[in-house]
J.: 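Sharing a structure below in structure tokens format, with a few things to ask.
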Amino acid sequence: MARKLEGKVALVSGSGRGIGRSIALKLASEGARLVINDLDTEPAEETMALIREMGGEAVACVGNVTHTDFAERFVGTAVQQFKGLDIIINNAGYTWDNVIQKMTDEQWYAMLDCHLTAPFRILRAAQPVIKALSKSEMDAGQRVMRKVVNISSVAGLFGNPGQANYSTAKAGITGLTMTLAKEWGRLNVNVNCVAFGLIKTRLTHSAAAGETANIEGREIKVGVNPGLMAAMEQAIPLGRGGSPEEAAGAVYLFCQPESDYISGQTLMCTGGLTGV
């Protein structure tokens with residue numbers, strides 16, 4: 001049976017762990033060639049090894065998506081290694097919470113830089129490549145559809161206490177999605193967004209463990225209070241948080257050919273939760 005993404009070239013930011021890794025593995029299972037990204041070399045190499053074990057192709061572009069030179073390196077890796085660019089998944093992210101009266105400028109800009117400015121730069125860097133490929137294909141009488149999937153959150157749709165920075169950035173990415181759908185339709189690009197609810201990753205497990213994530217020297221607390229986690233799951237109609245694999249499935253819906261006439265949309269992947 002033919003795989004639906006055979007030969008496609010996909011960029012997935014933040015794909016060394018969690019949801020991003022699951023997205024990369026899902027796309028690879030359907031034949032895509034991957035550019036993997038993570039802050040650290042080891043998790044990126046682990047994801048690449050898993051892809052190669054299934055017979056796929058993958059290379060890494062390690063680094064922080066917020067660095068000013070990252071977008072060109074990321075897009076350039078796809079062009080240099082695979083001679084193309086078909087799918088962009090803007091997934092990299094983390095949370096750094098505080099109520100607004102205690103939130104620092106550093107916290108505020110860290111979230112906007114990661115969740116909104118970095119995707120903007122990646123898409124800006126990709127535009128000349130996509131435009132040239134699209135023109136060549138249209139001159140040859142071909143219509144090749146490309147895909148952008150930006151990752152948002154229910155926090156960006158409904159707000160969430162303690163996350164003014166994250167919610168604002170995630171709301172912004174939905175606006176960027178709708179605008180790019182209008183700008184890039186003429187290039188045969190579908191631009192869509194997936195807003196996740198509770199997905200169980202290292203960022204949402206029990207905070208009782210006291211685990212932190214090191215983001216370029218900043219130790220950011222991760223995890224959710226166990227009582228809050230239980231309450232959140234009870235509010236979900238399906239009665240549980242989602243898995244990274246289920247999250248990846250929602251993203252894949254927008255990458256397959258069956259979505260070629262869907263653009264400018266935000267899909268909630270929430271287990272049935274329609275408001276918070």
J.: Which residues satisfy the salt bridge (Lys or Arg N to Asp or Glu O under 4.0 Å) test with R121, sequence neighbours excluded?
T.: none
J.: Taking all heavy atoms of K147 and all of F254, pick out the closest pair and write down the distance.
T.: CD-O, 3.2 Å
J.: Considering only residues two or more places apart or on different chains, which pairs with a residue in residues 44-56 satisfy side chain to side chain donor-acceptor pair (under 3.5 Å)?
T.: R21-E46, R21-T47
J.: Walk me through whether L267 and V251 qualify under side chain to side chain contact (heavy atoms under 4.5 Å, CB included).
T.: CA-CA 9 Å; L267 169 70; V251 174; over 6 Å; no
J.: Nearest 0.5 Å please: distance from the CD1 atom of I87 over to the CG atom of L11.
T.: 9.5 Å
J.: So does E42 have more than 12 non-hydrogen atoms from other groups sitting under 6.0 Å from CD?
T.: no
J.: Angle class for the Y166/H115 ring planes (parallel below 30°, perpendicular above 60°, tilted otherwise)?
T.: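 Perpendicular, since the angle between the ring planes exceeds 60°.
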J.: Just by distance, do the side chain of N37 and the backbone of G14 share a donor-acceptor pair under 3.5 Å?
T.: yes
J.: Could you state the interatomic distance from CE (M111) to CG (N165), rounded to the nearest 0.5 Å?
T.: 6.0 Å
J.: Search all heavy atoms of C114 against all heavy atoms of G93 and return the closest pair with its distance.
T.: SG-CA, 3.6 Å
J.: Does any pair with a residue in residues 177-189 pass side chain to side chain donor-acceptor pair (under 3.5 Å), and if so which ones, sequence neighbours excluded?
T.: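 Listed by first then second residue: N150-T177.
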J.: Can you tell me how far the OG atom of S153 sits from the CZ atom of F196, to the nearest 0.5 Å?
T.: 9.5 Å
J.: Is the CG atom of L238 crowded by more than 12 outside heavy atoms at less than 6.0 Å?
T.: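 Yes.
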J.: State, to 0.1 Å, how close A60 and T77 come at their nearest heavy-atom pair, and which atoms those are.
T.: O-CG2, 4.2 Å
J.: Shortest non-hydrogen contact from E233 to G241?
T.: OE2-N, 2.9 Å
J.: Given 3.5 Å as the limit, does a donor-acceptor pair link the side chain of N192 with the main chain of G264, or not?
T.: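 Judged by distance alone, yes, a pair lies under 3.5 Å.
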J.: Drop me the distance from L180's CG to N190's CG, to the nearest 0.5 angstrom.
T.: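 Nearest 0.5 Å value for the CG-CG distance: 12.5 Å.
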J.: Keeping the roles fixed (side chain from K170, backbone from I151), state whether a donor-acceptor pair exists under 3.5 Å.
T.: yes
J.: Specify the closest pair of heavy atoms between L85 and V75, including all atoms of both residues, with the distance to one decimal.
T.: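 In this case the closest contact between L85 and V75 is CD2-CG1, 4.2 Å.
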J.: Between the main-chain N or O of Q142 and the side-chain N or O of E137, is there a donor-acceptor pair closer than 3.5 Å?
T.: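 Pair absent, no side-chain N/O of E137 close to backbone of Q142.
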J.: Is S15 reaching over with its side chain to a backbone N or O of A24, donor-acceptor style, under 3.5 angstrom?
T.: no
